[in-house]
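Chain identifiers are assigned alphabetically (A, B, ...) following the order of the sequence lines, protein sequences preceding nucleic acid strands; residue numbering begins at 1 within each chain.
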Number of protein chains: 2
Amino acid sequence: MSENTNDPRIVRTMHMLREALLELMEEQGFERITVKDITSKAGLNRGTFYLHYADKYDLLEKTTEDMMQGLRQIAQTFDPLDLVLHESPDTPFPFTVRLFEYFGKHVRFFSVMLGPKGDPAFSSKFQEFMRVHLLDKFNEFHHSEDHVPVPWDYLTAYLISAHLGIVQYWLEQGCKHTPWDIALMFTRMTQLSPIQSAGLKK
Amino acid sequence: MSENTNDPRIVRTMHMLREALLELMEEQGFERITVKDITSKAGLNRGTFYLHYADKYDLLEKTTEDMMQGLRQIAQTFDPLDLVLHESPDTPFPFTVRLFEYFGKHVRFFSVMLGPKGDPAFSSKFQEFMRVHLLDKFNEFHHSEDHVPVPWDYLTAYLISAHLGIVQYWLEQGCKHTPWDIALMFTRMTQLSPIQSAGLKK
DNA sequence: TCCTCAAATGAACTTTGTGTTGATTAATGA
DNA sequence: TCATTAATCAACACAAAGTTCATTTGAGGA
């Protein structure tokens with residue numbers, strides 16, 4: 001397992017392995033894939049795989065970490081103050097648009113990993129990401145713990161999972177709506193009750 | 001692969017295999033498990049496994065199907081009219097209580113399968129269950145497709161995933177709240193917007 | 001340009017898990 | 001008690017994992 005990422009041969013090889021993994025995941029899901037599949041799709045020797053990764057799980061982990069790194073960079077541009085100040089019901093929150101653009105850019109990865117053939121540990125990781133980078137920051141604004149209709153931690157679980165559900169559904173549907181459209185739905189669902197969102201009330 | 005479930009030896013063996021599967025999934029997730037792992041944890045011969053199941057996927061499927069059968073039975077007691085007529089914000093919807101009692105009765109299974117080491121295909125199955133048995137029935141009551149704030153299918157995805165999230169969080173926390181308490185939260189979150197649920201408005 | 005070092009290759013090898021088979025032992029229930 | 005059949009045990013062929021090492025290839029420095 002090499003560490004030196006300067007050698008262009010190494011960079012090239014690792015990139016080819018990751019690309020092959022993504023293509024195969026799209027075709028058959030992660031578990032059916034063998035190391036032989038990956039290397040032959042990448043046009044490399046099977047032995048070469050083991051020079052860089054311990055096994056296919058290791059390769060998946062490293063690939064995942066790259067994607068999470070991208071998400072963290074986007075998260076840095078998030079300011080809860082913007083969300084509080086954002087009132088318009090017809091324009092989406094810009095940060096959300098940016099997130100969906102990123103998902104769209106890496107559809108193959110996210111639609112497999114968050115889909116029924118994916119890795120539930122990745123969904124957990126993604127939920128943890130939303131909790132830490134989005135909701136916990138927002139939580140700083142309210143400290144009234146008494147007599148709320150629903151405890152904060154349950155509301156958090158509800159919202160995080162709901163939003164993940166939208167992401168999954170959007171990917172599942174082949175990203176038919178634009179990031180802007182989806183982001184607008186988010187904005188509205190946060191402002192309205194489910195019953196209102198359905199157009200059944202007020 | 002035997003069919004006769006009368007022989008106590010068969011019942012006992014199949015039960016031991018299923019229990020072993022759940023324990024191992026909890027420890028290392030489904031994919032890393034081998035048939036040898038399962039049988040040695042169950043204290044059985046490896047050959048015995050193949051007398052009852054084709055492979056580990058078959059075992060998982062059969063186990064899952066049993067649980068889904070239980071859910072379907074509960075779903076038969078659901079009438080969307082009850083939900084429409086239910087107005088009280090301080091008593092939960094009885095059907096929801098029944099569901100959570102069932103989860104509590106089979107904590108081992110549900111907390112493993114819906115957790116980070118579980119099977120994302122099961123989550124999908126469970127979501128499909130909620131869509132068919134709960135939301136589609138409810139959908140019959142409104143046919144106003146025009147100018148709703150959020151399209152029905154996205155709202156459905158949002159709600160189903162949100163509710164799944166609550167179930168997961170409840171299991172993860174070791175079922176600290178009673179089924180009654182959780183059901184009440186559901187009732188409130190459906191009636192209020194997320195902002196209201198947090199106690200930030202009105 | 002040539003030379004050196006490390007990456008990639010190819011082939012052989014061991015190990016591990018799968019799924020099957022057939023003979024043997026042990027439990028069930030009539 | 002006895003026939004039936006589940007469970008065990010050992011052996012098998014097979015596929016993929018992971019290792020090893022000699023050889024070839026290519027990148028970068030002198």
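Summary for the helix from C:dT1-D:dA30 to C:dA30-D:dT1: the axes at its two ends, each from 5 pairs, differ by 30° when rounded to the nearest 10 degrees.
Remark: B:Asp7 does not engage B:Arg12 in a salt bridge, criterion side-chain N to carboxylate O under 4.0 Å.
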Evaluate A:Asp79 against A:Phe95 for side chain to side chain contact (heavy atoms under 4.5 Å, CB included), listing each step before the verdict.
CA-CA 9 Å; A:Asp79 185 342; A:Phe95 166 76; over 6 Å; no
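Applying the 4.0 Å criterion to OP1 and OP2 of C:dA7, one finds that A:Thr13 has every side-chain N and O outside that range. Residue A:Thr34 has no polar side-chain atom (N or O) positioned under 4.0 Å from OP1 or OP2 of D:dA16.
Looking at B:Glu26, its side chain never comes within 3.5 Å of a backbone N or O of B:Val112 through a donor-acceptor pair. Checked by atom type and distance alone, the side chain of B:Thr39 pairs as donor or acceptor with a backbone atom of B:Val35 at under 3.5 Å. A donor-acceptor contact shorter than 3.5 Å is absent between the side chain of B:Lys41 and the backbone of B:Glu19.
A heavy-atom distance below 4.5 Å is found between the side chains of A:His177 and B:Tyr154.
Annotation for A:Thr190 and B:Ser193: closest pair O-CB, 4.2 Å, computed over non-hydrogen atoms.
The side chain of B:Pro8 approaches C:dT28 more closely than any other nucleotide in the set C:dT28, C:dA7, C:dT9. Between D:dA6, D:dT8, C:dT18, one nucleotide has an atom nearer to the side chain of B:Val35 than all others, and that is C:dT18.
Between the CG atom of A:Leu51 and the C1' atom of C:dT9 there is a distance of 10 Å, rounded to whole Å. Atom C1' of nucleotide C:dT16 and atom NZ of B:Lys36 are separated by 10 Å, given to the nearest angstrom. With rounding to whole Å, A:His52 atom NE2 is found 16 Å from D:dG18 atom P. Rounded to an integer number of Å, the gap from CZ of A:Arg12 to P of D:dG28 is 13 Å. The OH atom of B:Tyr50 sits 11 Å away from the P atom of C:dG17 (whole-angstrom rounding). Rounded to whole Å, the distance from CG on A:Asp58 to P on D:dG18 is 10 Å. What separates NZ of B:Lys56 from P of C:dG19 is a distance of 10 Å, to the nearest Å. Remark: C1' of C:dT18 and CG of B:Asn45 are 14 Å apart, rounded to the nearest angstrom.
You won't find any donor-acceptor pair under 3.5 Å spanning the side chain of A:Arg9 and the base of D:dA27, going by distance alone. Residue side chain A:Arg46 does not reach the base of C:dG10 through any donor-acceptor N/O pair under 3.5 Å, judged by distance alone.
If you find the closest nucleotide of DNA chain C to B:Phe49 and to A:Gly43, the one lying nearer the 5' end belongs to A:Gly43.
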